[in-house]
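Read the numbers this way: they start at 1 and go in the same order the structure lists the ligands and their atoms. What you are looking at is a predicted structure, and each value in this text was computed from that prediction instead of being measured. The figures here come from the full heavy-atom set of this structure, side chains too, leaving out hydrogens, waters and symmetry mates. We count residues from 1, following the sequence as given.
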Amino acid sequence: MTSQAPIDYDFDKQHIWHPYTSMTHALPTFGVVSAKGCELILDNGQALIDGTSSWWACVHGYGHPSILDAMQNQLNHLSHVMFGGITHHSAINLSKKLVAMTSENLTKVFLADSGSIAVEVAMKMALQYWQGRNQPNKQRILTVKHGYHGDTFAAMSVCDPEGGMHTMFGNAVTKQLFVDAPKTPFGEPLQDDDIQPMRRALVEHHQNIAAVIIEPIMQGAGGMRFYSADYLKALRTLCDEFNVLLILDEIATGFGRTGKLFAYQHADIQADLLCVGKALTGGYISLAATLCSDEVALGISQSPSGVFMHGPTFMGNPLACAAACASLDLIATNDWQVQVSQIEQQLKQELAGADQIAGVKALRVLGAVGVIEMENPVNTALLQQAFVDLGVWIRPFANLIYIMPPYCISASQLSQLTHAMKVVAKLAGEQTKQNNESSFISHG
Ligand SMILES: Cc1ncc(COP(=O)(O)O)c(C=O)c1O
């Protein structure tokens, strides 16, 4: 292994933004120098078992030879070229794979550069479609609370109106329509009134609604909530009834995470527009895609401009497309279904009883996702250090301690993760108790 210069933590702290942090009150960072399989190696040599798959993307683990070879091979030929007026093997191969593996009606592929952009693209496509269908009044997007679709402006506009960034940016964020999030838990038949808020919103506003956007089955960053497949079925029926497009955001759920290749398959429905990202490249490099039906593409062609108005500089980046082709080949040939189902069983067994820990509100497992929901928000910096001390990389947020490990994780590595989750949940519960006690004293 080549020796590396020490990590310049001072520079990092003074000059580099990290996600969702302050530049003046920076949270601690941990220097990673390499990664292999399911382990991240810190600059002090410590190995951490990764429970996050690098924000849910690195499903095959780090340093997988087939993805590295595909990227190396692509680099030797062409790392990037503009996509305007030019095409290349990797974009074509990848798009063929995406069209083949998603539902039959999805035939057109827009290669975007991140998940948020894939969502922007889907929303723009929906608006332009209705222009082409002589209904330019259909401009609004309807969605459910507790959603998360990204951090760019249009994506933010459909994130949860309270937990998201609406209040922070006020009128600069487009006002969309929100209804209560699905309540019926995954695996249960739809509770009678669960879809009613959605129905009422469609009855009242359908003439102005271009599309409904939703994360199928699992609402991720908005609360790690798993809901009934029947809700999605009912939603598809409502969208057809009220002439509204359905955008499914599979950026977090796509490529096996919930136990099906795509989460919409739990409900056996089709989207009009589908967003994928994150695990698309196996988490090796940024790439996302928006797929749409012939009908949506035709509508856009019949809109006043006749073209779809979006074209990022790095659209269809060959290196990212090559990584995605290799990752999708692994999905097609390896035993991810078995891996995800084993992870699910083990999570259920080893996390059982965690909901009895003081301060824990709920415990949820679906596919390769395990969630301990605390009653109160956790102290991320404190818990992060506790996880590192236990030899694992788990990054809690809000009131959630969760894992989404790479599918190739071994049973013993997974046991270390579940053990750490329980230890740290206990710590978080005790911490909240102390905070409550001290705030009681200071108010007393
Ligand atoms: C469901 C969903 N949509 C969109 C995004 C945004 O993707 P990106 O971070 O690649 O912009 C995320 C990211 O977590 C997501 O979970």
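- Here's the thing with Ile117: none of its N/O atoms is less than 3.5 angstrom from an N/O atom of ligand 1.
- Interface atoms of ligand 1 facing Gly115, defined by a heavy-atom separation under 4.0 Å, are 6 (C), 7 (O), 8 (P), 10 (O), 11 (O).
- Looking at Trp56 against ligand 1, only its side chain comes within 4.0 Å, counting heavy atoms.
- Checked against the 6.0 Å centroid criterion, the rings of Tyr284 and Tyr62 do not qualify as a close aromatic pair.
- Protein heavy atom in closest approach to atom 11 (O) of ligand 1: Ser116 OG, 2.6 Å.
- The nearest heavy-atom contact from the protein to atom 14 (O) of ligand 1 is Lys278 NZ, 2.9 Å.
- Of the N and O atoms on the side chains of Gln128 and Ser305, at least one donor lies less than 3.5 Å from an acceptor on the other residue.
- The shortest side-chain heavy-atom distance between Met374 and Ile401 falls under the 4.5 Å cut-off.
- With hydrogens and angles disregarded, no donor-acceptor distance shorter than 3.5 Å links the side chain of Ser228 to the backbone of Phe186.
- Contact atoms of ligand 1 toward His149: 3 (N), 4 (C), 5 (C) (distance under 4.0 Å to a heavy atom of the residue).
- Between Asp355 and Arg364, none of the side-chain N atoms (NZ, or NE/NH1/NH2) sits under 4.0 Å from a carboxylate O, so this pair counts as no salt bridge.
- Closest to atom 1 (C) of ligand 1 by heavy atom, among Asp249, Val276, Thr253, is Asp249.
- Looking at Glu188, its side chain never comes within 3.5 Å of a backbone N or O of Pro185 through a donor-acceptor pair.
- Considering only non-hydrogen protein atoms, atom 12 (C) of ligand 1 sits nearest to Tyr148 CE2, 3.5 Å.
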